[in-house]
Amino acid sequence: MKVQCLKGFRDYLPEEMLQKDRMLRAVQQVFECHGYPPLMTPALEYSEILLGKYGEEGEMLLYRFRDNGDRDVALRYDLTVPLARVLAEHGEITMPFRRYQIAPVWRAEKPARGRFREFMQCDVDLVGADTAAADAEMLVIGSAVMKALGISGFRIRINHRGILGALCRLAGLSSAGEVEFLRLLDKLDKIGADAFRDQVGKISGIDEAGVESVLKIVLASTGDSRQVLQRLEDALGSDAEAASSIERMRKVLDLVEASGAAQQCHIDPSIARGLSYYTGLVYETYLDELPGFGSVMSGGRYDGLVGMFSGKDLPAIGISLGIDRLFSAIKEMDLLEDRSQPAEVLAVQFSEDLAPATFEVAARLRRAGIATVVYPREAKMKKQLQFAQKAGIPFVVVIGEDEKSRGTLQLRDMEKGSQQEITIEEAIRIIGAVVSEETGQ
RNA sequence: GUGGGUGUAGCUCAGUUGGUUAGAGCGCCGGCUUGUGGUGCCGGAGGUCGAGGGUUCGAGCCCCUCCUCUCACCCCA
């Protein structure tokens with residue numbers, strides 16, 4: 001037997017998991033701070049719930065099989081379709097409905113750097129409000145999440161479906177070549193204007209003069225979002241759909257600015273994001289330091305999707321954050337803390353005879369809310385201190401014969417290398433102060 | 001899914017035209033140091049060379065198949 005993890009799946013060892021957990025808690029806290037409660041749904045759904053939602057290509061990526069009761073089931077592919085199912089199944093839910101969900105999803109894709117077959121998604125969605133306020137709320141949350149993760153160098157690139165529609169019309173396209181055209185537009189950054197002209201020219205029905213106008217508009221759309229929006233209005237304002245999209249984005253910008261989150265938000269008419277189901281605002285987030293890493297947080301407005309099971313159109317907008325990809329990115333950017341242990345204190349086990357005294361101290365520290373580990377066997381002090389140092393545990397307490405008889409302990413600050421003999425009450429006060437300072441940052 | 005790389009100790013990697021018993025650095029364990037970490041010195045453990053098959057007197061090295069990871073395309077978190 002070959003002992004190994006499935007292709008595209010991975011283990012997170014405790015040290016990594018501790019770091020990933022810290023990220024997840026930060027994300028969760030931001031979501032709840034904006035008034036979003038959690039939702040949990042099963043990993044498995046009936047296949048028919050998922051089929052027909054992701055297009056032909058997406059469907060092939062489903063993990064689908066028959067369970068022991070011969071039911072046709074599949075692992076969830078995202079968190080949006082399960083949300084739609086929940087809304088249709090639970091009539092008691094009222095609008096507007098906010099929820100976040102942090103859970104693994106499965107896609108049988110070919111794995112690559114930053115791309116896995118099992119990965120954690122963090123979704124927030126707001127259902128039941130097609131307003132600039134709802135749109136802006138997503139950008140505000142997205143920006144807050146990135147900052148909470150300690151990332152400041154990022155751009156949320158924002159576009160609107162209506163702009164894209166107008167650009168397609170300008171290029172002379174009806175619905176026929178739209179998808180292909182938008183896909184190329186999305187890659188414009190990467191392939192450059194010449195390759196874009198070249199490849200776009202192959203789409204049937206394309207208007208070459210129109211393509212030049214599109215290029216001119218898109219390439220001029222850099223810098224201040226207000227100005228970009230103004231230039232878009234000058235160029236596309238005669239198109240009714242574009243005009244209303246621009247008006248909407250202007251309102252969204254007002255609200256984002258009022259929230260103090262405008263710095264990282266950029267209007268960018270080349271963001272095509274997806275295909276079919278987006279109906280309004282769309283956005284993708286890129287890291288300044290790792291632009292080639294792909295989008296780490298994206299989403300948009302999809303007014304047709306959430307209501308698909310209930311038959312009625314429910315306006316909805318959401319964000320999806322790929323925490324595993326972001327984790328890899330943060331690791332590459334060297335933003336991770338190096339702590340392999342959640343403990344703040346190591347209690348040295350001086351000798352087996354003194355173990356009860358050590359356990360008593362450990363228990364009192366824990367009751368004071370200080371995470372404490374006891375070295376699990378009698379060993380040389382050097383060894384125990386080395387363990388604390390390698391694990392990044394900031395404090396060590398030592399209870400030897402002398403300390404025990406005096407009712408004190410030795411408190412060693414591993415970073416400073418200083419040590420003092422004090423009572424446990426004093427130790428709790430000192431450690432507690434340092435810990436709350438750390439977590440307060 | 002298509003095409004190209006890759007795989008040797010826990011990690012990063014050497015390994016000559018195919019030739020005895022496969023190496024280094026880091027890490028790990030022990031000692032110098034019987035109540036005190038980071039540096040130093042000494043010693044030690046650890047490898048079916050990704051797996052299976054083939055060619056050869058002889059394979060880590062050559063050939064085939066599979067697996068893994070990875071790069072590009074595609075798509076996406």
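In what follows, every heavy atom counts, from backbone to side chain, and hydrogens, waters and symmetry copies are set aside. Proteins get letters first, then strands, A, B, ... in listed order; numbering begins at 1 in each. Note that the structure is predicted; figures quoted are calculated from it, not measured.
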Problem set entry | Atom-to-atom span, CD of A:Q420 to P of B:rU36 - whole angstrom | 19 Å
For this session: Can you tell me the distance, in whole Å, between the CE atom of A:M381 and the C1' atom of B:rU34?
Result: 11 Å
Problem set entry | C1'-based separation of B:rG7 from B:rG40 [nearest Å] | 37 Å
Problem set entry | Per A:S295 side chain, nearest of listed nucleotides B:rA77, B:rU36, B:rG35 | B:rA77
For this session: May I have the distance from A:L61 (atom CG) to B:rC76 (atom P), rounded to whole angstrom?
Result: 10 Å
Exercise. Counting only N and O atoms by type, is there a donor-acceptor contact under 3.5 Å from the side chain of A:R10 to the main-chain atoms of A:F116?
Worked result: no
Problem set entry | Residues, nucleotides or ligands: over 12 heavy atoms within 6.0 Å of A:F65 CZ | yes
Problem set entry | Residue matched to B:rU12 through Watson-Crick or wobble contacts both under 3.5 angstrom | B:rA24
Exercise. Looking for any heavy atom pair under 4.0 Å, which part of the strands does A:D402 touch: base, sugar-phosphate only, or nothing?
Worked result: base
For this session: Would you confirm whether A:Q384, through its side chain, and A:A379, through its main-chain N or O, come within 3.5 Å as a donor-acceptor pair?
Result: yes
Exercise. For atom C1', what is the distance between B:rG1 and B:rA45, given to the nearest Å?
Worked result: 46 Å
For this session: Would you state whether a donor and an acceptor, one from the side chain of A:R107 and one from the base of B:rC76, lie under 3.5 Å apart?
Result: no
Exercise. Could you state the NZ-P distance from A:K382 to B:rC32, rounded to the nearest angstrom?
Worked result: 9 Å
Problem set entry | Between B:rG35 and B:rG27 - C1' atom distance, rounded Å | 27 Å
Exercise. Counting side-chain heavy atoms from CB outward, which of B:rA77, B:rC71, B:rG38 is closest to A:A112?
Worked result: B:rC71
Exercise. Within less than 4.0 Å of OP1 or OP2 of B:rA77, is there a side-chain N or O belonging to A:S298?
Worked result: yes
Exercise. Does the aromatic ring of A:F350 sit over the six-membered base ring of B:rG35, closer than 5.5 Å centre to centre and tilted less than 30°?
Worked result: no
Problem set entry | Check: B:rU36 base within 3.5 Å donor-acceptor of A:Q419 side chain | yes
Exercise. Using atom C1' of each nucleotide, how far apart are B:rG60 and B:rG15 to the nearest Å?
Worked result: 8 Å
Problem set entry | The single option from A:E137, A:Q101, A:R99 passing side chain to side chain donor-acceptor pair (under 3.5 Å) against A:Y36 | A:E137
For this session: Would you mind telling me which residue lines up with the more 5' stretch of RNA chain B, A:I323 or A:P111, judged by nearest nucleotide?
Result: A:P111
Problem set entry | B:rG60 pairs with, by Watson-Crick or G-U criteria that keep both distances under 3.5 Å | none
For this session: Describe the nucleic acid contact of A:V398 in one word from base, sugar-phosphate, nothing, applying a heavy-atom distance below 4.0 Å.
Result: base
Exercise. Is there a donor and acceptor pair, one atom on the side chain of A:E403 and one on the base of B:rG35, closer than 3.5 Å?
Worked result: yes
Exercise. Are the side chain of A:T372 and the backbone N or O of A:I370 linked by a donor-acceptor pair below 3.5 Å?
Worked result: yes
Exercise. Given atom NZ of A:K416 and atom C1' of B:rG38, what is their separation to the nearest angstrom?
Worked result: 17 Å
Exercise. Nearest of B:rA77, B:rG35, B:rC29 to any side-chain atom of A:K390?
Worked result: B:rC29
Problem set entry | Integer angstrom distance from the P of B:rG46 to that of B:rC64 | 36 Å
Problem set entry | Candidates B:rC32, B:rG37, B:rU68 - which lies nearest the side chain of A:R412 | B:rG37
Exercise. Among A:L62, A:T80, A:V81, which one satisfies side chain to side chain contact (heavy atoms under 4.5 Å, CB included) with A:K53?
Worked result: A:V81
Problem set entry | P gap between B:rC28 and B:rU68, integer Å | 32 Å
Seminar exercise, completed: Whole-Å distance, A:Q384 CD to B:rU34 P, equals 15 Å
Problem set entry | Integer angstrom distance from the C1' of B:rG43 to that of B:rU6 | 36 Å
Exercise. In whole angstrom, what separates A:Q349's CD from B:rU36's P?
Worked result: 17 Å
Problem set entry | Nearest-Å distance for atom pair CD/C1', residues A:Q199 and B:rC73 | 11 Å
Exercise. Can you find a donor-acceptor N/O pair under 3.5 angstrom joining the side chain of A:K383 to the base of B:rU36?
Worked result: no
Exercise. Any chance the rings of A:F327 and A:Y12 have centres within less than 6.0 Å?
Worked result: yes
Exercise. Mind checking who B:rC76 pairs with, Watson-Crick or G-U wobble, both distances under 3.5 Å?
Worked result: none
Exercise. Where the side chain of A:K110 is defined as all heavy atoms beyond and including C-beta, which of B:rA77, B:rU34, B:rG1 is the nearest nucleotide?
Worked result: B:rG1
Problem set entry | Along RNA chain B (nearest heavy atom to each residue), the more 5'-positioned of A:M414 and A:F116 | A:M414
For this session: Using the C1' atom as the reference point in each nucleotide, state the distance between B:rU48 and B:rU39 in Å, no decimals.
Result: 39 Å
Problem set entry | Non-hydrogen side-chain atoms of A:L185 and A:F196 separated by less than 4.5 Å | yes
Exercise. Nearest to the side chain of A:K380 - B:rC32, B:rG38, B:rU36?
Worked result: B:rC32
